[in-house]
2 protein chains.
Amino acid sequence: MPKQPRPASEPSLPLQLVVDRTSPVPLYYQLSQQLESAIERGVLTPGSLLGNEIELAGRLGLSRPTVRQAIQSLVDKGLLVRRRGVGTQVVHSQVRRPLELSSLYDDLEAAGQRPATVVLRNTTAAADVAVAAALGVAEGSEVLLVERLRYAHGEPMALLTNHLPTGLFDCDSEALEATGLYRLMRAAGVTLHSARQSVGARAAAPEEAGRLGEEPGAPLLTMERTTFDDTGRAVEYGSHLYRASRYSFEFQLLVRS
Amino acid sequence: MPKQPRPASEPSLPLQLVVDRTSPVPLYYQLSQQLESAIERGVLTPGSLLGNEIELAGRLGLSRPTVRQAIQSLVDKGLLVRRRGVGTQVVHSQVRRPLELSSLYDDLEAAGQRPATVVLRNTTAAADVAVAAALGVAEGSEVLLVERLRYAHGEPMALLTNHLPTGLFDCDSEALEATGLYRLMRAAGVTLHSARQSVGARAAAPEEAGRLGEEPGAPLLTMERTTFDDTGRAVEYGSHLYRASRYSFEFQLLVRS
DNA sequence: TAGTGGTCTAGACCACGTA
DNA sequence: ACGTGGTCTAGACCACTAG
């Protein structure tokens, strides 16, 4: 009997998968990385089945729980979908950028826009009510205040105002102009854990408009964010203004199941 | 020796935990629900340790992997933090609202604002370039078009424009005025999987301003969203306008680790 | 050194979807 | 009826952290 043209949902798995047991990298992680890269490179096409877990485990010389752990991590990332009685398949969706704690610096760099930063202020100040509440410090206590103007393609893009608790890390203006705030914090050993964000819009005040190269009254995107480390300390409170004509927030999100 | 005041990070676990093996609810889920509710109610205070997994498993008559599965799900939600050599503790952070595929209707309802909706249009139309690209259909093909004005406290809040593939579900205007679009889709058996969003701002055009009760040129928040089901089909493309003076997007997000 | 989470195994039975 | 993923067990060894 002649072979039928293979439907997109049939197992397509000559796929080279190998694990190195001498490596310190966890086996499930090696596997999930290989699967992810195969999906990324298009070797595993959308809709294709992965083959059942038992057989996959046998073929790799792994136990089923280990294989499941690898697959589960990709399901959590939204790359795979499991269906009982059917199998595990590569998701069809076209976009697969995960939602991260986005850094404007990284965003711009990824877009090939070579960001530039001018530090307008880098000093200490007394915390006002809002800042004190966000950072969980006493009103009037001393906090770091950083104000930056960020450019892309030589055009101003955003006015970034940050408040940070003192003593957290060394906030050097030169370093701030060379990279982003989050990178500095991570480099200083701060482990970012979660953030609370609020995105809105308002009209530009005259001074803000002047700095950003917009007309007074022009629409600006606003973002306020408080970031916490894994001990629950607030490590940063940002209050940012973006030119709506030049910037928008893009992200993908997964539906909690 | 007199007892020292207990530091916040010490195990505090008289905590009543029980599992019902006759229940169809998975054991790990019963456990994670109980832990989550204990955290929510403040019985497990921020910073308190959970006690090691082995002992917890023994006390509940469960195996360690099952207990780990329960704990892991809460770690993924950002409620718990694990540290090797230390233990598992309740995260200190004050806010713990997860990021979801937010529905304006649900948001307003949760805020106690009793949303009202007026359907302005509910018809079919030919897909233009943008809509066709977003939904993955041919340009000019027929799609559903829904335009709604949403009110809170009797004030207009947002102008919602949605395009949907035909034949997906019954798009009844009365139902649309009684609840949100996502609820209708879920009720029709559509399993939402992921969405691609873009949030920006712009000035209100005269007609938009009129409908929303703003002045022309007033800043509006814009949101475009394409939602996919678990087969990768685009099931909805929305292009929405919010009064910036009355609405902003709020969400929490976790740092991928 | 002792205690914790991180990883891994080799099985088992069940529930659900498809046919 | 069959094959799939969903759940669960009872162990094991290792890596990291604290004291």
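Order of the sequence lines fixes the chain letters, A, B, ..., with proteins taken first and strands second; residue numbering starts at 1 for each chain.
- In terms of position along DNA chain D, the nucleotide closest to B/V67 lies nearer the 5' end than the nucleotide closest to the other residue of the pair B/R64 and B/V67.
- The nucleotide whose nearest atom lies closest to any side-chain atom of B/P65 is, among D/dG5, C/dG5, D/dA10, D/dA10.
- Counting only heavy atoms from C-beta on, A/V86 has its side chain closest to C/dT18 among D/dT17, C/dG5, C/dT18.
- At whole-Å resolution of the value, CD1 in B/I54 and C1' in C/dA2 are 14 Å apart.
- Atom CD in A/E55 sits about 20 Å away from atom P in D/dC2, given to the nearest Å.
- When all heavy atoms of A/L49 and A/V86 are compared, the pair lying nearest together is CD2-O, 4.3 Å.
- Spacing between atom CG of B/L49 and atom P of C/dT4 amounts to 10 Å, rounded to whole angstrom units.
- Rounded to a whole Å, the CD atom of B/Q69 is 16 Å from the C1' atom of C/dG5.
- At least one donor-acceptor pair closer than 3.5 Å links the side chain of A/N122 to the backbone N or O of A/C171.
- At whole-Å resolution of the value, CG in B/L56 and P in C/dG3 are 18 Å apart.
- Nucleotide D/dG19 forms a pair with no other nucleotide shown, judged by Watson-Crick or G-U wobble geometry with both contacts under 3.5 Å.
- Where B/G87 and B/R68 each meet DNA chain C at their nearest nucleotide, the meeting point lying more 5' is that of B/G87.
- Between B/E250 and A/R196 there is a salt bridge, since a side-chain N of the basic residue sits under 4.0 Å from a carboxylate O of the acidic one.
- Between the C1' atom of D/dC13 and the CG atom of A/L27 lies a distance of 13 Å, rounded to the nearest Å.
- Defined by atom type and a distance below 3.5 Å, a donor-acceptor pair is missing between the side-chain atoms of B/Y29 and B/Q69.
- Checking B/E236 against B/Y182 by side-chain atom types alone, a donor-acceptor pair falls below 3.5 Å.
- Spacing between atom CG of B/L60 and atom P of D/dT9 amounts to 10 Å, rounded to whole angstrom units.
- Contact annotation: B/N52 side-chain N/O to C/dT4 OP1/OP2 distance is under 4.0 Å.
- When the side-chain nitrogen and oxygen atoms of A/R21 are compared with OP1 and OP2 of D/dC13, none of them lie within a distance under 4.0 Å.
- Look at B/T88 and you won't find any side-chain N or O under 4.0 angstrom from OP1 or OP2 of C/dT4.
- As a whole-Å value, the separation of A/Q30 CD from C/dT7 P is 12 Å.
- In this model, the phosphate group of C/dG6 is approached by a side-chain N or O of B/R82 to a distance below 4.0 Å at OP1 or OP2.
- Closest non-hydrogen pair, B/L254 versus A/S194, comes out as CD2-CB, 3.8 Å.
- The side chain of B/Y28 places no N or O atom within less than 4.0 Å of a non-bridging phosphate oxygen (OP1 or OP2) of D/dC8.
- Each of C/dT9, C/dT7, D/dC16 was ranked by its minimum atom distance to the side chain of B/R84; first place goes to D/dC16.
- Between A/R83 and D/dG5 there is no side-chain N or O to OP1 or OP2 distance below 4.0 Å.
- In this model, the phosphate group of D/dT7 is not approached by any side-chain N or O of B/T66 to a distance below 4.0 Å at OP1 or OP2.
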